Asks: 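First the structure, which I've put down as structure tokens, then a few questions once you've had a look.
Letters A, B, ... are given to chains in the order of the sequence lines, protein chains preceding strands, and every chain is numbered from 1. Note that the coordinates shown come from a computational prediction; the quantities given were computed from them, not determined experimentally.
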Amino acid sequence: MSEEQAIALKELLYKIADDQLILGHRNSEWTGFGPLLEEDIAFSSMAQDKIGQSYALYQMLHHAGEQAPDTVAFMRHADQFHNCVLVELPNGEYDFSLIRHFLFDTAEALRFDMLTRSSFEPLADLAKKIKGELRYHTLHANTWIKQLGNATPESIARLQTSLNYALPYALGIFEPSPNENIIMDAGFFQGEASLQAEWQSRVISILEQTQLNLPDWKTVTPILGGRIGKHSQHLQPLLDEMSEVFKIDPTAEW
Amino acid sequence: MYGGGNTFEGIKTDSLAQEDPIKLAEFEARIARGEKIEPADWMPALYRKQLIRMIEQHAHSEIIGALPEGTWITRAPGFKRKLALMAKVQDEVGHAQLLYSAAETLGKTREEMIHDLITGKSKYSNIFNYPAFTWADACFISWLVDAGAIVNQLANAKGSYGPYCRALDRICAEESFHLKYGHHCVIFLATGTQKQRDMFQEAINRWWAPMMHFFGPADKISAHTQVLMNWKVKMATNDDTRNQFLDMYVPKIWELGFTIPDPALKKNTDTGRWDYTEPDWEEFKRVINGGGPCNEERLAVRRIAEERGKWVREALRSPKASYVMPLA
């Protein structure tokens with residue numbers, strides 16, 4: 001692998017790992033606050049999967065010469081994170097958390113399916129395992145979107161408002177990496193553009209089974225910047241909270 | 001997690017006079033033979049009432065207990081702890097789900113129980129009315145409060161009501177992992193830096209009194225109801241479970257080099273039981289009745305969660321669906 005390719009690969013791994021860590025963290029904030037116990041438990045399960053997935057990816061980065069997973073996750077500043085802005089937004093009401101989960105995990109399931117064909121073998125192997133976990137995340141999201149998207153005027157209106165709000169951020173998932181061409185040429189990943197196209201048709205196929213209005217894609221302006229470390233005001237406080245104990249003494253074992 | 005000490009503030013047994021004496025005798029004979037009572041079986045109204053009260057309080061304790069530890073999930077230091085604590089607190093919420101189902105078999109719906117919780121009508125384990133200020137407090141809960149709960153729950157698992165016993169068997173299996181997790185966290189604090197050791201010593205100092213309260217008032221001042229013992233609703237006295245806990249865990253705490261803030265605490269070689277300074281039962285009563293540092297906050301969080309989630313539950317309710325007795 002050339003030096004250029006090694007840099008591009010790290011860029012790819014970091015953004016995926018950061019997405020999982022930050023959304024996993026947000027999902028875990030539902031513990032104790034869910035609209036019903038079953039949802040509390042479901043969001044907690046997904047949080048565990050996502051944080052476990054990020055851990056596996058940070059370990060891969062560690063093998064490639066980056067610092068240990070705990071250091072990477074707990075000691076970086078917000079502008080060193082490459083997650084999309086969507087995942088760092090506060091949980092808000094359940095309708096927003098559900099819509100975000102639906103939009104993000106639809107993309108994530110497709111991403112990891114594509115990654116099973118990555119030319120970087122350790123990533124392809126890991127993707128096979130993660131893909132299996134994500135099946136349940138999309139099953140969960142689709143079930144709820146179809147249920148609440150056809151239920152009461154309030155549930156439909158709430159989902160619609162959150163969908164309209166979340167879409168520009170969701171398009172930020174597909175912000176190309178600075179080294180997108182190298183990533184694609186090396187066969188690490190098929191690229192964000194083809195992922196977005198598949199995602200869009202998958203999202204539409206679910207929304208069509210609800211009473212929600214489909215977005216007019218031409219008028220949605222993507223909110224970008226996350227992939228190059230430009231974040232909303234919400235990420236740094238999340239990281240400060242996450243590292244509060246760890247930073248009491250980063251050399252200590254906890 | 002549940003201490004069980006709050007449940008039996010004295011009950012009226014008058015209603016027993018109205019029960020069919022033949023059925024009552026058959027019921028008591030079944031329990032004496034070690035049989036389990038199942039939801040569709042005949043049972044005295046008092047038995048039903050006490051079990052609903054006990055299982056409901058246990059379920060509430062699980063969801064309220066998820067709050068002081070839950071706030072440390074987002075701050076857990078490192079991947080290993082973060083993943084384990086998430087799984088642990090998720091288990092506790094899962095226990096609530098199991099227990100509400102067990103209580104529903106007796107005829108009270110989950111919605112009614114949650115309503116009684118957030119309006120302050122029904123109680124939960126007193127210990128969760130204290131704040132978890134530091135990571136070490138969360139570790140104290142995971143290790144020692146769970147340990148206390150296991151002592152109580154293992155006793156209750158031998159009780160007479162089938163659905164509750166089966167739920168407790170599953171709960172105890174999970175709690176034993178929590179105990180291992182909590183102990184592991186504490187060992188790292190105990191063998192870590194001075195700051196880490198100090199953190200845990202301070203946690204012990206803060207939590208010892210609530211921990212002693214956890215098992216309920218001393219037997220000599222508790223309302224003792226023989227009928228509940230005969231019916232295998234209450235399986236061990238408060239002092240017995242407290243003593244069992246001290247027997248198992250005080251040596252472990254001392255072994256790690258920590259002190260316990262009770263100069264009178266020692267094993268009495270004559271009685272084989274532990275001597276300790278009598279806990280402040282006035283404080284216990286005050287906190288149970290709403291005067292603790294976190295009572296209002298805990299209920300407010302639960303109330304807000306219920307209010308914010310109302311539209312979701314309404315959207316799930318199909319007008320055509322009829323009530324189905326849960327499997328438990």
Asks: Given heavy-atom pairs under 4.5 angstrom as the criterion, report whether the side chain, backbone, both or neither of B:Arg313 touches chain A.
Replies: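 For B:Arg313, the side chain is the part near chain A, not the backbone.
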Asks: Using modelled atom types and a 3.5 Å cut-off, is there a donor and acceptor pairing between side-chain atoms of A:Asp19 and backbone atoms of A:Cys84?
Replies: yes
Asks: Looking at A:Thr152, A:Thr31, A:Ile41, A:Leu238, which has the largest count of heavy-atom pairs under 4.5 Å with chain B?
Replies: A:Ile41
Asks: Let me know if B:Arg75 has heavy atoms under 4.5 Å from chain A in its side chain, its backbone, both or neither.
Replies: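 Both parts, backbone and side chain.
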Asks: Just checking, is any N or O donor in the side chain of B:His178 or B:Glu175 under 3.5 Å from an acceptor N or O on the other one?
Replies: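 On atom types as modelled, these side chains qualify, holding a pair under 3.5 Å.
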Asks: Just checking heavy atoms, which of residues 90-100 of chain A are less than 4.5 Å from chain B?
Replies: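 Counting heavy atoms that sit under 4.5 Å from chain B, the residues of residues 90-100 of chain A involved are A:Gly92, A:Glu93, A:Tyr94, A:Asp95.
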Asks: Stepwise, does the ring pair (Phe, Tyr, Trp, His ring centres under 6.0 Å) test hold for A:His101 with A:Phe43?
Replies: CA-CA 10 Å; A:His101 157 43; A:Phe43 268 84; 5.7 Å; yes
Asks: Given a strict heavy-atom distance threshold of 4.5 Å, which part of A:Arg158 is in contact with chain B: side chain, backbone, both, or neither?
Replies: side chain
Asks: Relative to chain B, which segment of A:Gln48 carries a heavy atom at a distance below 4.5 Å: side chain, backbone, both, or neither?
Replies: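 Looking at A:Gln48, backbone and side chain both touch chain B.
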Asks: Using only heavy-atom distances, determine whether the side chains of B:Glu69 and B:Ser142 contain a donor-acceptor pair under 3.5 Å.
Replies: yes
Asks: Please rank B:Trp311, B:Trp72, B:Trp135 by heavy-atom pairs under 4.5 Å with chain A and give me the top one.
Replies: B:Trp311
Asks: B:Glu92 pairs by side chain to side chain contact (heavy atoms under 4.5 Å, CB included) with which of B:Ile64, B:Asp146, B:Leu67?
Replies: B:Asp146
Asks: Top residue by heavy-atom pair count (under 4.5 Å) with chain A, among B:Lys80, B:Gln90, B:Lys310?
Replies: B:Gln90
Asks: Mind ranking B:Ala96, B:Ala87, B:Gly94 by heavy-atom pairs under 4.5 Å with chain A and telling me who comes out on top?
Replies: B:Ala87
Asks: Mind running ring pair (Phe, Tyr, Trp, His ring centres under 6.0 Å) on B:His184 and B:Phe188 for me, showing each step along the way?
Replies: CA-CA 6 Å; B:His184 197 256; B:Phe188 274 67; 4.8 Å; yes
Asks: Heavy-atom count check: over 12 atoms from other residues, nucleotides or ligands less than 6.0 Å from A:Gln67 CD?
Replies: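 No, because the 6.0 Å sphere around CD of A:Gln67 holds 12 heavy atoms or fewer from other groups.
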Asks: Pick one of side chain, backbone, both or neither for A:Thr71, based on which atoms fall under 4.5 Å of a heavy atom in chain B.
Replies: neither
Asks: Is the backbone of A:Ser205 close enough, under 3.5 Å, to the side chain of A:Gln209 for a donor and an acceptor to pair up by distance?
Replies: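 Between the backbone of A:Ser205 and the side chain of A:Gln209 there is a qualifying donor-acceptor contact (under 3.5 Å).
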Asks: Between A:Glu253 and chain B, which part of the residue has a heavy atom less than 4.5 Å away: side chain, backbone, both or neither?
Replies: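 Answer is both: backbone and side chain atoms of A:Glu253 are under 4.5 Å from chain B.
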Asks: Can you tell me which residue among A:His82, A:Arg76, A:Arg227 is in a side chain to side chain donor-acceptor pair (under 3.5 Å) with A:Asp18?
Replies: A:Arg76
Asks: I'd like to know if the side chain of B:Ser176 reaches the main chain of B:Ala173, judged simply by a donor and an acceptor atom lying under 3.5 Å from each other, with no hydrogens or angles considered.
Replies: yes
Asks: Would you mind checking which part of B:Lys82 comes under 4.5 Å of any heavy atom in chain A, side chain (CB onward), backbone (N, CA, C, O), both or neither?
Replies: side chain
Asks: Who pairs with A:Gln20 by side chain to side chain donor-acceptor pair (under 3.5 Å), at least two apart in sequence or on another chain?
Replies: A:Glu108
Asks: Test of understanding: with side chain to side chain contact (heavy atoms under 4.5 Å, CB included), list the residues that count as partners of B:Thr193, not counting sequence neighbours.
Replies: A:Asp249, A:Ala252, B:Lys195, B:Gln196
Asks: Heavy-atom pairs under 4.5 Å with chain B are the metric here; pick the option from A:Ser45, A:Ser243, A:Ala73 that has the most.
Replies: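 Answer, by heavy-atom pair count under 4.5 Å with chain B: A:Ser45.
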Asks: I'd like to verify something: which residue of A:Phe74, A:Trp144, A:Phe246, A:Phe33 has the highest number of heavy-atom pairs under 4.5 Å with chain B?
Replies: A:Phe74
Asks: Counting only N and O atoms by type, is there a donor-acceptor contact under 3.5 Å from the side chain of A:Ser44 to the main-chain atoms of A:Asp40?
Replies: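 Absent.
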Asks: Does the pair B:Arg166/B:Asp169 count as a salt bridge with the N-to-O cut at 4.0 Å?
Replies: no
Asks: Examine whether an atom of B:Leu316 lies under 4.5 Å from a heavy atom of chain A, and if so say whether it belongs to the side chain, the backbone or both; otherwise answer neither.
Replies: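 For B:Leu316, backbone and side chain are both near chain A.
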Asks: Can you find a side-chain donor-acceptor pair between B:His58 and B:Gln153 that sits under 3.5 Å?
Replies: yes
Asks: In terms of ring plane angle, is the pair B:Phe200 and B:Trp143 parallel, tilted or perpendicular, where the classes change at 30° and 60°?
Replies: tilted
Asks: Donor-acceptor check, side chain of B:Arg110 to backbone of B:Ser101, threshold 3.5 angstrom: yes or no?
Replies: no
Asks: Do any of residues 54-66 of chain A have a heavy atom less than 4.5 Å from a heavy atom of chain B, and if so, which, in residue order?
Replies: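 Residues of residues 54-66 of chain A touching chain B at under 4.5 Å: A:Ser54, A:Tyr55, A:Tyr58.
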Asks: In terms of heavy-atom pairs under 4.5 Å, which option from B:Glu306, B:Arg302, B:Gln97 contacts chain A the most?
Replies: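 It is B:Gln97.
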